[in-house]
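Shown next, in C-alpha cells, is the structure this report addresses.
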2 protein chains.
Amino acid sequence: MFSKTCEYAIRAVLYIAQMSKNGEKVSIKSISKGIDSPEHFIAKILQELSKKGLVQSLKGPTGGFYLSEHSKKHSLADIVKAIDGEKIFTGCGLGIGQCSEEFPCPIHNDFKVIRKKLFDLLQKTKVNEFNTQLEAKLAFLKKNHT
Amino acid sequence: MFSKTCEYAIRAVLYIAQMSKNGEKVSIKSISKGIDSPEHFIAKILQELSKKGLVQSLKGPTGGFYLSEHSKKHSLADIVKAIDGEKIFTGCGLGIGQCSEEFPCPIHNDFKVIRKKLFDLLQKTKVNEFNTQLEAKLAFLKKNHT
DNA sequence: TTTATAAAAGATATTTTTATCTTTTATCGA
DNA sequence: TCGATAAAAGATAAAAATATCTTTTATAAA
Ligand code: FES
Ligand code: FES
C-alpha cells in the first residue's frame, strides 16, 4: 500500500507527536527504538520531513525533533503525499497513464470509491490524535511493545 | 497500491481474456502492444502466471496465451496474490510486524475496513467480465487507445 | 570560549524491482 | 523430417528503494 519509507515516516511522526506533546524534544535514537526502524534510515526520512515543514527539529544538546502547533494539525495524508506522492490518491489502480472518466480502466468505477475512502481517512486523521491511545497502550507503533 | 509488475499482470490477463474469448491464442507481441508494456518484461510475468496456472500457453506456430475455462473464473485478487502476495490484503497499513486486534496500530480500525473493501472488490471481480466493455471501447487497458 | 551533543548533509552500499538480451525447448505446418 | 514460430528458461543490466557510514554544522551547557 505505502512504501516502507512512508510507513516509517508516519510511525515516526505519530511517535514524535506523543513523546513531545508537552514541549519535550525527541532524539533519533529514541524514535528509532520507539518505532523499531533503522536509526540512520529514519534520520534521513526525518530530514526530508523537516525540510518540508512536517516536523521541526533543533540541533545540539537537548535538541531533537518536535512538532509545532501547526505541524500537530497535519494529516496523515500530508505525510503520504510528502513521501510517496499523489499516485495512491489520484492514480489509476491498473497503472494506465492517467485515471480519467473519459478513458477509464476496467476497474475504474469501483476503484475510485476505495481510493477516495482511503484518502478521506488519511485526510481526516491528524497526527496528534493518537497521543492518549498510545500513552495508554491501546495502540502501538511497533511489533515488540515490551 | 500494486507493484508495476502486478499492474501489468492484471492488464495482460484482462487483455488475454478479451482477445482469446473464442479460443484464439494471443502472442506476447500482441499483448505487449495491447497493454503498452515492455515486451520482454510482460513475457517474464506471463511465464510466472503460467506456472501458477492463472493463464495457459502453447509454444510454436499458432501458439500463444489463452485462458482455460477454469482460468476465466479467476479473480483479480488471485492475480494480485500471485504477484504481490497477501500483504495488501492482510498486512498492517503502517507496516508494524503483524496486523492484529490485540496489538493494533493507531489506524487499524479504519484501515482494516478499507483493506477489506479492496479485497472484496478484487475477489468478486473475475477476469472475463470485462470482455464486452473492452470490445465496445467503454474501458481501456492503456493510455493510447488509438 | 570550549566541549559535548544531536541533527544536517553528503557519500557509499545493498537489495529489490524493473527491464533487456540470449539460448533453449516445444509445436505446428510444409 | 525439416524449418519456422513462439513461449520457456536463463543470464545480465539498469534503476529505484532501502540502508549504512562519515563529515559537517548548529546549539547548549559547563
Ligand atoms: S482509470 Fe483506472 S482507476 Fe481510474
Ligand atoms: S495493526 Fe495496523 S492495520 Fe491492523
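A, B, ... follow the sequence lines: proteins, then strands. Residue 1 opens every chain.
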*Can you name the side-chain contact (heavy atoms from CB on, under 4.5 Å) partners of B:D84, sequence neighbours left out?*
B:F2, B:S3, B:C6, B:V80
*If you measure from the Lys or Arg side-chain nitrogens to the Asp or Glu carboxylate oxygens, is any gap between A:E7 and B:K87 under 4.0 Å?*
yes
*asked:* Whether B:D120 and B:K124 form a salt bridge (side-chain N of Lys/Arg under 4.0 Å from carboxylate O of Asp/Glu) is what I want to check.
replied: no
Mind checking side chain to side chain donor-acceptor pair (under 3.5 Å) for [X] and listing every partner two or more places apart, or none if nothing turns up?
{"X": "A:K143", "value": "none"}
{"X": "A:K72", "value": "A:E69"}
{"X": "A:K44", "value": "none"}

Output side-chain donor-acceptor pairs under 3.5 Å for residues 45-55 of chain B, partner residues at least two apart or in another chain, one line each.
unit_1: B:K52; atom_1: NZ; unit_2: B:A82; atom_2: O; d: 2.9

Between atom [atom1] in [X] and atom [atom2] in [N], what is the gap in whole Å?
{"X": "B:I42", "N": "C:dT17", "atom1": "CD1", "atom2": "P", "result": "17 Å"}
{"X": "B:E48", "N": "C:dT17", "atom1": "CD", "atom2": "P", "result": "13 Å"}
{"X": "A:E39", "N": "D:dA19", "atom1": "CD", "atom2": "P", "result": "14 Å"}
{"X": "B:I45", "N": "C:dT17", "atom1": "CD1", "atom2": "P", "result": "13 Å"}

*Pairs in or reaching into residues 93-102 of chain A: which pass salt bridge (charged side-chain N to carboxylate O under 4.0 Å, His left out), with residues at least two apart or in two chains?*
A:E101-A:K112
_Please list all pairs meeting salt bridge (charged side-chain N to carboxylate O under 4.0 Å, His left out) that have one or both residues in residues 14-30 of chain A, counting only residues at least two apart or in different chains._
A:K21-A:E135, A:K29-A:E39
*Going by number, which of residues 68-87 of chain A have a non-hydrogen atom under 4.0 Å from DNA chain C?*
none
*End-to-end axis angle, where each axis spans five pairs of the helix from C:dT1-D:dA30 to C:dA30-D:dT1, to 10°*: 10°
*Would you say B:S30's side chain and B:V26's backbone share a donor-acceptor pair under 3.5 angstrom?*
no
*asked:* Can you pull out the residues from residues 1-11 of chain A that lie within a 4.0 Å heavy-atom distance of DNA chain D?
replied: A:S3, A:K4, A:T5, A:Y8
_Nearest heavy atoms of A:I88 and B:M1, plus distance in Å_ = CG1-CE, 4.2 Å
*How does the hydrophobic cluster around A:F103 look, that is, which other residues are in it when side-chain heavy atoms under 4.5 Å mark a link?*
B:F140
_In the structure I gave you, are the side-chain heavy atoms of B:K4 and B:F41 within less than 4.5 Å of one another anywhere?_
no
_Base-contact (B) and sugar-phosphate-only (S) positions in nucleotides 4-14 of chain C, heavy-atom cut-off under 4.0 Å, - elsewhere_ = BBBBBBBB---
